[in-house]
Amino acid sequence: MNLNTIFVCYIWLCLFHLLIGAKVRHYKFDVEYMIKKPDCLEHVVMGINGHFPGPTIRAEVGDTLHIVLTNKLHTEGTVIHWHGIRQLGTPWADGTAAISQCAINPGETFHYRFIVDKAGTYFYHGHYGMQRVAGLYGSLIVDLPKGQNESFHYDAQFNLLLSDFYHTTSQQQQLALSSKPLRWIGEPQTLLINGRGQFNCSIAAKFTNTTLPQCHLKSGEECAPQILHVEPNKTYRIRIASTTSLASLNLAISNHKLIVVEADGNYVQPFEVENIDIYSGETYSVLLTTNQNPNKNYWLSIGVRAREPKTPQALTILNYKTISPSIFPSSPPPITPLWNDFDLSKSFTKKIIAKIGTPKPPKKSNHRVLLLNTQNNYNGFTKWSINNVSLTLPTTPYLGSIRFNLNNAFNTKPPPEKFPIDYDIMNPPLNPNTTIGNGVYMFQLGEVVDVILQNANRLNGKGSEIHPWHLHGHDFWVLGYGEGKFKQGDEKKFNLTHAPLRNTAVIFPYGWTALRFRADNPGVWAFHCHIEPHLHMGMGVIFAEGVHKLKKIPTEALTCGLTAKMFLKNGQH
């Protein structure tokens, strides 16, 4: 499909939704710091319109969102990324500082306008510095247009926005991660469900083996858990999104099975589980049937996976409305699976396959990029690198510098598309040193790209971490996972029949993950580990396609760096 066809289809899509009643939904967001008690202690958090987390955005497929964002932070810039929204035709609204737009300076206002083209569970979060860990996030739900029904039945729904919470500020964390030697930020102090958690106490202390005291919460406290009130013998859709900075999570509900039906805004073949792993950047919908004893309440628990847990479980209660929500469950909360039971993690991940009717991946790709994830040194600083390049963003947004041919704005030499064939992924690197760079992987518009994410041993000692990778501007097909180093012939293992569409995919320790996408969305797009400290330390790359096909980029997105000087020279305002 050529570019003209894409734009014609896009225009017809817009007209179609106008005819059937698509709306422009207006939001006014004031981003500011505030004092809150998300885990029962006072902290400075970043929020929107006086709320933490930010307001939930709700829209229907085809609607245009118009968010007027004003930066009231006084001393730092900000942007918001609309995670999972593909921004077809509006790459400048993706909300990535130095990539799709300039940071919004203190006191400035920026207008985000974009169409939500696909139903699903999404969220939004800060994408400047480490503002996600500071609390700049909220839910974004896109429903089917009125009159259309999901292929699965449910009677009502809940929204769970999961996050981890630190008692150090984002500025302190950035300084620690950029210190020589590295000062690792450690594990989060609290896990939050919809912005609520309990530090140094547990609402289940009486029912489990813990050294934490029982929480004694007053009615209406900020940190009191939001209880899920349900009626017996009903089916509920639970929308789950993880905006954690570091933690991989596991969710379970006592005595209840969960049926997974959606992942990252894409329908999957339904399957039943006892619990669900959720990595940073992922979203899911699960169905819960309230078929247990209605004279009891049940725990909903969130625990840490993939890292040795030093953060207590987050808990709330599933309350059958037939009894009082103040009655605690009589049994202990579900036990989170062992943090390093990666076989369980892989088993769950591999169960996720596309729902029948989902577009299948092209049978072949035009372009393959192999990306090796390593931890390295750079002049005494600890960095994460991709093919031995640690990403450092330029001062002029790529979208403007590529569109206007400002070749001195970033390194125009393409980054490496593969790594040495003899690289030993099972041991620390023989050469621990890395380089820094800001080059771009340029793709031809419409070409089919394979990305092989390759994991490796960390810098020192034995060990390899899980990394959830998120792609902006696209969904990709997950073709498969493998153990060890990707080698010639492994492509024969690719799943081309029911590969799921996702926007976030995990690579497991000492393994590889294969992705395929069509570079059909003109713009410049981040592709990065969604663990915030890892991105801060350089774990990301930049993809670009068809930028010169973009006719009009709003000036307000590019009023910094070399593009600002260009506008000034040309008399534009």
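We number each residue from 1, following the sequence as shown. Just the heavy atoms: all of them, side chains too, but no hydrogens, waters or symmetry mates, feed the values below. Bear in mind the structure is a predicted one, so any value in this text is a computation, not a measurement.
For the 3.5 Å distance criterion, the side chains of S163 and Y137 qualify, holding a donor opposite an acceptor. Using modelled atom types, one finds no donor on one side chain facing an acceptor on the other under 3.5 Å when comparing N250 with T336. Judged purely by distance below 3.5 Å, without hydrogens or angles, the side chains of N405 and H548 pair a donor atom with an acceptor atom. Side-chain contact, T244 with S242: a donor N or O sits under 3.5 Å from an acceptor N or O. For the residue pair T358 / H498, no side-chain donor-acceptor distance below 3.5 Å is found, with atom types taken as modelled. Defined by atom type and a distance below 3.5 Å, a donor-acceptor pair is missing between the side-chain atoms of Q189 and H43. Judged by distance alone, the side chains of H367 and E417 do bring a donor and an acceptor atom under 3.5 Å apart. Side-chain atoms of H528 and H472 form a donor-acceptor pair, as typed in the model, at a separation below 3.5 Å. Between S365 and D450, the side chains place a donor N or O and an acceptor N or O closer than 3.5 Å (distance only, hydrogens not considered).
Summarising the geometry, atom CE belonging to M539 is positioned 8.0 Å from atom CD belonging to E465; distances are rounded to the nearest 0.5 Å. The CD atom of E282 sits 8.0 Å away from the CD1 atom of I276 when rounded to the nearest 0.5 Å. Going from atom NE2 of H530 over to atom OG of S248 covers 12.0 Å, rounded to the nearest 0.5 Å. Atom NZ of K363 and atom CG of L496 lie 8.5 Å apart (nearest 0.5 Å). The CG atom of L258 sits 7.0 Å away from atom CD1 of I240, with the distance rounded to the nearest 0.5 Å. The OG1 atom of T243 lies 5.0 Å from the CZ atom of R132; values are rounded to the nearest 0.5 Å.
One N or O on the side chain of Q375 and one on the backbone of L459 form a donor-acceptor pair closer than 3.5 Å. Between the D39 side chain and the F199 main chain, no donor and acceptor come within less than 3.5 Å of each other. Without hydrogens or angle criteria, D520 side chain to G446 main chain gives no donor-acceptor distance under 3.5 Å. Remark: the backbone N or O of G437 is not paired with any side-chain donor or acceptor of N411 at under 3.5 angstrom. In this structure, the side chain of Q269 engages the main chain of I356 through a donor-acceptor pair within 3.5 Å. A distance-only check finds no donor-acceptor pair linking the side chain of S178 to the backbone of L175 [under 3.5 Å]. A donor-acceptor pair is defined here as one N or O able to donate and one able to accept, closer than 3.5 Å; such a pair exists between the side chain of N373 and the backbone of Q454. In terms of modelled atom types and a separation under 3.5 Å, the side chain of R305 and the main chain of L338 share a donor-acceptor contact. Looking at N379, its side chain never comes within 3.5 Å of a backbone N or O of F381 through a donor-acceptor pair. Within the 3.5 Å criterion, the main-chain N or O of W384 finds a donor-acceptor partner in the side chain of S390.
Aromatic pair F543/H474: ring centres not closer than 6.0 Å.
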- Task: Report the C-alpha distance between L370 and F419 in whole Å, list the side-chain angles of each, state the deciding distance to 0.1 Å, and finish with yes or no for side-chain contact (heavy atoms from CB on, under 4.5 Å).
- Result: CA-CA 7 Å; L370 287 88; F419 56 91; 4.0 Å; yes
- Task: Decide yes or no on side-chain contact (heavy atoms from CB on, under 4.5 Å) for I542 and F410, but give the supporting numbers first.
- Result: CA-CA 12 Å; I542 305 297; F410 64 95; over 6 Å; no
- Item | Test side chain to side chain donor-acceptor pair (under 3.5 Å) applied to E532 and Q173, step by step | CA-CA 10 Å; E532 192 150 56; Q173 291 192 33; over 6 Å; no
- Please test F508 against F342 for ring pair (Phe, Tyr, Trp, His ring centres under 6.0 Å), starting from the C-alpha separation and ending with a verdict. CA-CA 8 Å; F508 292 104; F342 296 120; 7.3 Å; no
- Task: Given side-chain contact (heavy atoms from CB on, under 4.5 Å), test L535 with H127 step by step and report yes or no.
- Result: CA-CA 10 Å; L535 174 59; H127 217 293; 4.0 Å; yes
- Message: Using the rule given for side chain to side chain donor-acceptor pair (under 3.5 Å), can you reason through Q171 versus E76, listing the C-alpha separation, both sets of side-chain angles and the distance that settles it, and then say yes or no?
- Response: CA-CA 11 Å; Q171 291 88 350; E76 59 190 291; 3.0 Å; yes
- Query: What do the steps show when you test D490 against I452 for side-chain contact (heavy atoms from CB on, under 4.5 Å), and what is the final call?
  - Reply: CA-CA 11 Å; D490 279 340; I452 312 298; over 6 Å; no
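Salt bridge annotation for K355-E262: absent, with no cationic side-chain nitrogen under 4.0 angstrom from a carboxylate oxygen.
Contact of the N366 side chain with the V448 side chain is registered, since non-hydrogen atoms from C-beta on lie closer than 4.5 Å. K180 has its side chain out of reach of T382: every pair of non-hydrogen atoms, C-beta onward, lies at least 4.5 Å apart. Between F443 and V369 there is a side-chain heavy-atom pair separated by less than 4.5 Å. Proximity of Y441 to V541: side-chain heavy atoms (C-beta onward) are separated by under 4.5 Å at one or more points. At least one side-chain heavy atom of H470 sits less than 4.5 Å from a side-chain heavy atom of T504.
Other residues, nucleotides and ligands contribute more than 12 heavy atoms inside 6.0 Å of the CD atom of E272.
Contact detail for T412 and N407: the closest heavy-atom pair is CG2-O, 3.5 Å.
Taking the six-membered ring for Trp and thresholds of 30 and 60 degrees, H534 and W184 have ring planes inclined between 30 and 60 degrees apart.
Among Y122, F123, Y124, the one residue that satisfies the ring-ring contact (aromatic ring centres under 6.0 Å, His included) test with W82 is Y124.
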